[in-house]
Amino acid sequence: SSAASDVYKRQADRSVHRERLEKFRQTGETEVADKGRREFEMIDQTGRIFPVEMSVSQSPMGQGSLFIAYIRDITEKRLREAEIIAARDEALDAYQEKSRFFAMMSHEMRTPLNGVISALQLLQDDRLDDEQKRYLDAGMTSGEILLGHINDVLAIERSEAGTYEPVSYTHLRAHET
């Protein structure tokens, strides 16, 4: 019907609608009816353009067909979708920033910690009494545990970023005591 074709947004959409109706009149085949839901933009009486979801059913009647259209304004749905996408994008940005922060902090912590561990390794070669050796061993063990945690954080961040590479340990223990 021509009244239905007048609610489309653009002249081109009206032409497509009229062509589909003419094709139906000639062939009895429909491109829209009984084909599920579709989304379009329509214009209301005030000239406001708004998105709709439309489902059209065809019902044979005597010598013709009756088309039944269900039209639902999906403006609120689109707004909610846009809000969800914006929230997702914001969360992804925050997640990436967190990843960059952890990677940077891990590197910044690992460098001085390697220096501390290296200095402790140098002390292992000195003459130390038993109490000093216990303190040195405690410092080495604590430093290596902390370095392991830092490397674990780096490995997790790399794997989450899809750039996992085995972590190379930059310190070597001179000898076991």
Side-chain angles (χ1 to χ4, degrees), residues 1-114 145-170:
S1 75
S2 63
S5 65
D6 291 337
V7 295
Y8 285 99
K9 178 180 170 189
R10 297 180 304 249
Q11 186 63 36
D13 291 335
R14 292 178 190 159
S15 298
V16 168
H17 180 72
R18 287 186 184 114
E19 288 171 11
R20 287 178 178 160
L21 281 175
E22 186 57 36
K23 179 181 176 186
F24 172 75
R25 287 184 185 114
Q26 293 174 3
T27 65
E29 295 176 18
T30 176
E31 294 180 30
V32 177
D34 302 318
K35 304 287 186 189
R37 295 182 213 166
R38 295 190 178 190
E39 292 185 5
F40 298 96
E41 287 186 333
M42 297 184 127
I43 302 173
D44 67 12
Q45 292 101 350
T46 66
R48 177 183 70 100
I49 298 169
F50 61 101
V52 298
E53 179 180 79
M54 181 167 48
S55 175
V56 180
S57 299
Q58 178 184 358
S59 179
M61 285 189 60
Q63 295 180 358
S65 287
L66 175 66
F67 290 96
I68 303 162
Y70 295 94
I71 301 172
R72 181 171 65 121
D73 183 340
I74 58 171
T75 303
E76 290 299 318
K77 175 185 172 194
R78 290 270 178 91
L79 290 173
R80 285 190 307 274
E81 288 171 351
E83 289 170 359
I84 290 169
I85 289 169
R88 181 207 60 198
D89 292 347
E90 187 176 314
L92 286 173
D93 289 344
Y95 177 78
Q96 289 173 347
E97 188 59 35
K98 176 212 58 118
S99 293
R100 282 191 293 273
F101 173 77
F102 276 125
M104 181 191 69
M105 288 307 298
S106 295
H107 284 293
E108 293 298 320
M109 291 168 36
R110 190 164 50 162
T111 301
L113 183 57
N114 278 324
I145 289 171
L146 185 55
L147 187 60
H149 292 321
I150 292 169
N151 287 332
D152 289 346
V153 169
L154 279 173
I156 289 168
E157 291 303 320
R158 286 180 180 146
S159 70
E160 287 179 354
T163 60
Y164 180 76
E165 300 168 10
V167 176
S168 62
Y169 294 90
T170 57

To the nearest 0.5 Å, how far apart are [atom1] in [X] and [atom2] in [Y]?
{"X": "Leu146", "Y": "Asn151", "atom1": "CG", "atom2": "CG", "value": "9.5 Å"}
{"X": "Asp89", "Y": "Ile84", "atom1": "CG", "atom2": "CD1", "value": "12.0 Å"}
{"X": "Arg78", "Y": "Glu41", "atom1": "CZ", "atom2": "CD", "value": "7.0 Å"}
{"X": "Leu92", "Y": "Ile85", "atom1": "CG", "atom2": "CD1", "value": "11.5 Å"}
{"X": "Arg37", "Y": "Ile71", "atom1": "CZ", "atom2": "CD1", "value": "14.0 Å"}
{"X": "Gln58", "Y": "Leu66", "atom1": "CD", "atom2": "CG", "value": "9.5 Å"}

May I have the step-by-step check of salt bridge (Lys or Arg N to Asp or Glu O under 4.0 Å) for Glu83 and Arg80, ending in yes or no?
CA-CA 5 Å; Glu83 289 170 359; Arg80 285 190 307 274; over 6 Å; no
On a heavy-atom basis, which atom in [X] and which in [Y] lie closest, and how many Å separate them?
{"X": "Ile43", "Y": "Phe50", "value": "C-CE2, 3.8 Å"}
{"X": "Ile150", "Y": "Leu113", "value": "CD1-CD2, 3.9 Å"}
{"X": "Ser57", "Y": "Asp34", "value": "CA-OD1, 3.4 Å"}

Does CD in Glu22 sit with more than 12 non-hydrogen atoms of other residues, nucleotides or ligands closer than 6.0 Å?
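Yes.
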Restricting to salt bridge (charged side-chain N to carboxylate O under 4.0 Å, His left out), what partner residues turn up for Glu19, sequence neighbours left out?
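Glu19 satisfies salt bridge (charged side-chain N to carboxylate O under 4.0 Å, His left out) with no other residue.
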Side-chain touch Thr30/Arg20, heavy atoms, less than 4.5 angstrom:
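Counting from C-beta outward, Thr30 and Arg20 never come under 4.5 Å.
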Heavy-atom distance under 4.5 Å between the side chains of Val153 and Met105, does that happen here?
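A side-chain contact is absent here, since even the closest heavy-atom pair is not under 4.5 Å.
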Sequence neighbours excluded - side-chain hydrogen bond (donor to acceptor under 3.5 Å, both in side chains) pairs with any residue from residues 67-76:
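Every side-chain hydrogen bond (donor to acceptor under 3.5 Å, both in side chains) pair that includes a residue of residues 67-76, provided the two are not neighbours, is Arg48-Asp73, Glu53-Arg72, Asp73-Thr75.
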